[in-house]
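Below you'll find the structure, written out as structure tokens, and then a few comments.
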There are 2 protein chains.
Amino acid sequence: MGDDGADMSDVLKLDNQLCFALHAASRAMTGAYQPLLEALGVTYPQYLVLLTLWEEDGARVSRIGERLHLDSATLTPLLKRLEAHGLVERRRSTVDERVVEIFLTAKGRRLERKASEVAKDIFCKTQLSLGELGRLREELKELTRKLQAVAA
Amino acid sequence: MGDDGADMSDVLKLDNQLCFALHAASRAMTGAYQPLLEALGVTYPQYLVLLTLWEEDGARVSRIGERLHLDSATLTPLLKRLEAHGLVERRRSTVDERVVEIFLTAKGRRLERKASEVAKDIFCKTQLSLGELGRLREELKELTRKLQAVAA
DNA sequence: CGCAACTAAATCGTGCACGATTTAGTTGCT
DNA sequence: AGCAACTAAATCGTGCACGATTTAGTTGCG
């Protein structure tokens with residue numbers, strides 16, 4: 001039979017693509033957060049940075065990048081915008097002047113409470129149980145690990 | 001006990017966030033495709049557009065946008081780049097001159113075969129069974145639908 | 001000390017995403 | 001015919017993502 005003639009008809013169908021389902025879901029998630037975050041005056045990627053700071057205030061740029069898988073080309077301007085909005089302070093480390101440490105301002109710290117309401121709103125919107133959410137989340141983390149593994 | 005004092009400690013932890021797991025997985029997927037697509041001379045979003053055209057050659061801009069959830073602000077420049085690379089042709093419809101229809105060139109059509117190899121490579125990298133992949137994909141589609149639903 | 005190797009962040013350039021507006025073309029209604 | 005309502009794509013502005021390079025600062029070693 002058609003050796004791999006059958007492939008074309010399925011392998012590349014948009015509806016069968018995990019990659020597109022992932023891409024679409026990620027953008028839908030961002031889109032769901034966006035109007036809620038607007039009230040806090042931050043964008044979605046800025047919110048992710050704040051999540052790391054609420055856990056680990058004073059982290060250096062590279063540490064934030066490690067947690068979010070982002071590099072300084074993305075973070076530096078983003079952090080400058082957060083600083084311009086008065087949510088964080090960027091301080092050059094005195095022990096190693098190459099390092100920039102990021103500290104929440106009082107205003108930045110105050111957002112945490114509102115942010116937890118936002119996170120809960122989104123959780124409701126997903127209509128997932130805690131168990132389902134947890135399972136999906138861990139599957140995605142596992143997928144991320146697999147995709148980041150260097151080519152064999 | 002602390003009314004919602006326990007919330008803070010969990011609800012906003014980065015590791016517990018579905019949104020971040022999704023964001024990270026999506027970027028990891030793009031990152032996995034990117035070096036393979038480089039050989040075809042296209043970016044990942046351009047590849048998604050080509051997927052729709054291999055299924056539906058001659059689609060208008062709005063139709064591509066409907067399938068990929070993208071608007072003309074994103075698609076117009078992307079399609080111009082695809083045209084500049086000789087992969088598609090943009091033609092104003094004669095029956096309705098507001099409409100721009102996108103046609104694959106011979107070069108664009110030829111990429112389909114190579115693209116299916118790329119898709120298979122990525123599938124291998126995920127180390128998912130066809131069943132697991134299908135289930136995850138459908139869960140993501142369902143999540144996308146939920147997140148896109150207008151606020152109740 | 002002096003200098004190469006290294007490291008952290010910043011900068012540069014390109015492309016994508018998206019809200020908002022604009023431009024051009026079509027349709028329907030009187 | 002004439003014009004308002006509508007529609008499709010393009011355009012504009014801002015922000016994110018990321019490869020590649022640059023700048024500044026540190027460390028180790030002869």
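Chain letters run A, B, ... following the sequence lines, proteins first, then strands; residues in each count from 1.
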Sugar-phosphate only, base, or nothing, as touched by [X] at under 4.0 Å among non-hydrogen atoms:
X     : result
B:L70 : sugar-phosphate
A:R63 : nothing
B:T74 : base

Measure distances between side-chain N and O atoms of [X] and base N and O atoms of [N], and say whether any donor-acceptor pair falls under 3.5 Å.
X     : N      : value
A:S72 : C:dA10 : yes
B:R98 : C:dT26 : no
A:T76 : C:dA9  : no

Review point. Of A:A28 and A:D71, whose nearest nucleotide on DNA chain C comes first from the 5' end?
Key: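 Looking at the nearest nucleotide for each, A:D71 comes out on the 5' side.
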Point to revise | Between CZ on residue A:R27 and NE2 on residue B:H69, distance to nearest 0.5 Å | key: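 These two atoms lie 7.5 Å from each other.
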With the side chain of [X] defined as its heavy atoms from C-beta on, choose the nearest nucleotide among [options].
X     : options                : value
B:E97 : D:dA10, C:dG25, D:dA17 : C:dG25
B:V61 : D:dG25, D:dA10, C:dA9  : D:dA10
B:A73 : C:dA20, D:dG19, C:dA10 : C:dA20

Check your understanding: Side-chain heavy atoms under 4.5 angstrom apart, residues restricted to Ile, Leu, Val, Met, Phe, Trp, Tyr: same cluster for A:L104 and A:V99?
Key ->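 No; A:V99 is not reachable from A:L104 via cluster members.
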Using a cut-off of strictly less than 4.0 Å, decide whether [X] has a side-chain nitrogen or oxygen near OP1 or OP2 of [N].
X     : N      : value
A:R91 : C:dA9  : no
B:H69 : C:dA17 : no
B:K80 : D:dA9  : no
A:S62 : C:dA9  : yes

**Study point:** For C:dT23, the Watson-Crick or wobble counterpart (both distances under 3.5 Å)
**Key:**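 C:dT23 is paired with D:dA8.
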Exercise for review: Under a 3.5 Å limit for both distances, which nucleotide forms a Watson-Crick or G-U wobble pair with C:dC29, could you say?
Suggested key: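 Looking at the geometry, C:dC29 pairs with D:dG2.
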For atom [atom1] of [X] and atom [atom2] of [N], their distance in whole Å:
X     : N      : atom1 : atom2 : value
A:L68 : D:dC18 : CG    : C1'   : 15 Å
B:E66 : D:dA9  : CD    : P     : 11 Å
B:R92 : C:dA24 : CZ    : C1'   : 8 Å
A:R27 : C:dC18 : CZ    : C1'   : 10 Å
B:Y47 : C:dG15 : OH    : P     : 20 Å
A:L75 : C:dT11 : CG    : C1'   : 14 Å
B:Q34 : D:dG19 : CD    : P     : 6 Å
A:D96 : D:dT27 : CG    : P     : 6 Å

Practice item. Hey, can you tell me if A:Y44 and A:Y33 have their rings parallel, tilted or perpendicular (30° and 60° cut-offs)? Key: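 The rings of A:Y44 and A:Y33 sit tilted, inter-plane angle from 30° to 60°.
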Exercise for review: Apply side-chain contact (heavy atoms from CB on, under 4.5 Å) to A:L18 and B:L140, showing your working.
Suggested key: CA-CA 9 Å; A:L18 177 60; B:L140 290 170; 3.9 Å; yes
Point to revise | Given DNA chain D, 5'-ward residue of the pair B:R60 and A:P45, judged by closest heavy atom | key: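 Comparing both residues, the 5'-ward one is B:R60.
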Point to revise | Residues A:K80 and A:E83 bridged, charged N to O under 4.0 Å | key: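 Answer for the salt bridge query: no.
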Review point. Run the side-chain contact (heavy atoms from CB on, under 4.5 Å) check on B:R67 and B:E55 step by step: do they pass?
Key: CA-CA 11 Å; B:R67 297 212 65 196; B:E55 274 186 60; 3.1 Å; yes
